Amino acid sequence: MATTLVDGITLAYVDEGSGDPVVLLHGWGGQAVSMMPLIVGLRDKYRVLAFDLPGFGGSSPPAVPWGTPEYAAFVEEAVASLGISRATYIGHSFGGRIAIWLAAHAPEAVQALVLVDAAGIRPPATFRRRMRRLFYKTAQTVLRLPILGAKGPALRERLAMRFGSVDYRAMAGVMRASMVRTVNLDLTACLGAVSAPTLLLWGEKDTETPIADGRKMEQLIRGSRLIVIAGAGHFSYLDSPAFVNAVVSAFLHGTREGATR
C-alpha cells in the first residue's frame with residue numbers, strides 16, 4: 001500500500017491497474033484490503049483506488065468527529081489529489097453512505113455508482129427501539145451527575161458497552177463520536193438527487209442493512225437497478241465474489257459504452 005498526506009491526514013491506499021478510475025470505499029471497521037476480491041477483479045481493465053478511510057487501517061483518524069459529509073469531502077479531495085476529476089464509486093455499507101453523498105452533492109465527480117449492501121436509510125422507529133434509546137439517554141444524563149465524581153466516566157463506558165452495537169463498542173474517542181454522527185444522518189433525501197447510473201447489489205440474507213433498504217433505494221434513485229444475491233449476507237461481495245465481479249464488470253462496461261456514444 002502507498003501513503004499520502006491529504007488535508008493533514010495520512011491516507012493509506014491501494015492504487016492498481018490502469019484505465020478509467022474506480023474508487024472502492026469499505027464499510028465501517030474495514031479497510032482497503034477487505035475489498036481485495038473487487039480489486040483483483042477490476043484491476044486488469046481499470047485503475048482501481050481503494051482507501052483505508054480515516055481512522056481505519058493505516059490511515060490516521062480525523063482530529064474531530066466526522067460524519068458522512070466530512071468523509072465524502074475528504075474522499076473527493078483525496079481522489080483529486082491523485083489526478084482524478086471523475087470516477088466510478090463502489091461503496092459497501094458505510095462506504096455506500098459516502099458514495100451516495102458524493103453522487104448527490106458532487107454529481108460532476110461521479111461517473112457511475114455501485115452500492116453494495118449500502119447503509120444510509122434509518123431503520124423505522126419501533127416502540128422497542130424508542131424505549132431503548134430513551135432509557136440510554138436518560139441513563140447517560142444520570143451518570144453525568146456531579147455526585148458520581150470520578151466514577152461517572154467508567155459507569156458511562158459500562159453503559160455504552162451494554163447498549164452499544166459491536167461497531168460502537170469497538171471504537172473510542174473521536175471515532176466513536178464519528179460513528180454516532182454517521183448513523184444518525186438519514187440519507188433518504190439524497191437518493192432522489194442521484195443522477196449517475198446506479199447498480200444496487202444486496203445480499204439476500206443481509207441483516208445489517210436489510211434488503212428492504214435496497215428496494216427503497218431502487219425506488220428513489222432514478223434508473224437504478226437492484227440485484228439480489230442469493231444466500232449472501234451483509235458482505236455479499238465476499239460471500240459471492242465471482243458473481244459480484246461479473247455483474248460489476250458488466251455494469252461498468254455498459255456505462256463506459258454509454259459514455260462514448
Side-chain angles (χ1 to χ4, degrees), residues 22-42 50-53 55-57 67-68 71-72 75 89-103 113-126 128-129 132 163-171 175-176 178-188 190-191 194 198-221 224-248 251:
V22 178
V23 179
L24 305 181
L25 303 173
H26 63 76
W28 191 270
Q31 49 190 297
V33 295
S34 64
M35 304 195 80
M36 190 55 70
L38 283 165
I39 296 172
V40 172
L42 295 172
F51 299 141
D52 282 356
L53 293 166
F56 303 100
T68 300
Y71 269 100
V75 167
Y89 286 84
I90 301 178
H92 170 249
S93 195
F94 167 60
R97 287 182 182 271
I98 297 171
I100 290 168
W101 186 273
L102 271 175
L113 196 61
V114 180
L115 301 176
V116 185
D117 300 283
I121 294 178
R122 185 179 296 166
T126 63
R128 181 179 179 182
R129 186 173 286 114
R132 185 180 177 89
F163 283 87
S165 66
V166 173
D167 285 338
Y168 183 82
R169 295 196 299 269
M171 296 294 157
M175 292 307 296
R176 182 177 287 180
S178 293
M179 183 180 180
V180 172
R181 290 188 63 179
T182 297
V183 300
N184 284 337
L185 179 62
D186 189 349
L187 299 182
T188 301
C190 294
L191 298 174
V194 174
T198 301
L199 173 67
L200 304 164
L201 295 175
W202 234 269
E204 176 190 24
K205 297 182 178 180
D206 188 347
T207 57
E208 298 296 319
T209 53
I211 197 169
D213 291 0
R215 299 195 191 285
K216 186 171 184 178
M217 289 186 184
E218 184 183 31
Q219 292 174 352
L220 296 176
I221 300 175
S224 63
R225 182 187 178 191
L226 172 66
I227 295 179
V228 179
I229 304 168
H234 185 56
F235 289 84
S236 58
Y237 71 96
L238 294 178
D239 293 339
S240 301
F243 178 77
V244 169
N245 280 338
V247 172
V248 170
F251 172 73

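Since this is a predicted model, take the numbers as computed values, not measurements.
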*Short question: side chain of H26, backbone of D52 - any donor-acceptor pair under 3.5 Å?*
no
_Atom pair OG/CD1 of S240 and I229 - distance to nearest 0.5 Å_ = 6.0 Å
*Of all the heavy-atom pairs spanning D117 and G203, show the shortest one and how long it is.*
OD1-N, 2.8 Å
*F56 vs Y71 aromatic rings, parallel, tilted or perpendicular, using cut-offs 30° and 60°?*
tilted
*Are side-chain heavy atoms of V75 and L53 found at a separation under 4.5 Å?*
yes
*So, for P37 and L238, which heavy atoms are closest and what is the spacing to 0.1 Å?*
CG-CD2, 3.6 Å
*Exam field: side chain E218 to backbone L226, donor-acceptor pair closer than 3.5 Å*: yes
*Applying side chain to side chain contact (heavy atoms under 4.5 Å, CB included) between C190 and each of L220, L102, I100, L185, report the one that passes.*
I100
_To the nearest 0.5 Å, what is the distance between CE on M35 and CG on L25?_
7.5 Å
*asked:* How close do A50 and I39 get, counting heavy atoms only, and between which atoms?
replied: CB-CD1, 3.8 Å
*Taking the side chain as every heavy atom from C-beta outward, state whether I227 and F251 have any pair of such atoms under 4.5 Å apart.*
no
*Side chains of I221 and L115: does their closest heavy-atom pair fall under 4.5 Å?*
yes
*asked:* Let me confirm one number: the NZ-OG1 distance from K216 to T188, rounded to the nearest 0.5 Å.
replied: 4.0 Å
*Close side-chain approach of E208 to F235, heavy-atom, < 4.5 Å*: no
*Quick one: does V248's side chain get under 4.5 Å of V116's, heavy atoms only?*
no
*Side chains of Y237 and L201: does their closest heavy-atom pair fall under 4.5 Å?*
no
*asked:* Test your reading of the model: is there a side-chain donor-acceptor pair from H92 to the backbone of H234, 3.5 Å cut-off?
replied: yes
_Is there a side-chain contact between I121 and M217 in this structure, where contact means two heavy atoms from C-beta onward sitting under 4.5 Å apart?_
yes
*Report yes if some heavy atom in the side chain of V23 is under 4.5 Å from a heavy atom in the side chain of F51; otherwise report no.*
yes
_Matching residue for I90 among L199, L24, L113, V244 - test: side chain to side chain contact (heavy atoms under 4.5 Å, CB included)_ = L24
*asked:* Using modelled atom types and a 3.5 Å cut-off, is there a donor and acceptor pairing between side-chain atoms of W202 and backbone atoms of T209?
replied: yes
_Show the nearest heavy-atom pair for residues R97 and T68, with the distance to one decimal._
O-CG2, 3.6 Å
_Could you check whether any side-chain N or O of D239 sits under 3.5 Å from a backbone N or O of G231, counting only pairs where one atom can act as donor and the other as acceptor?_
no
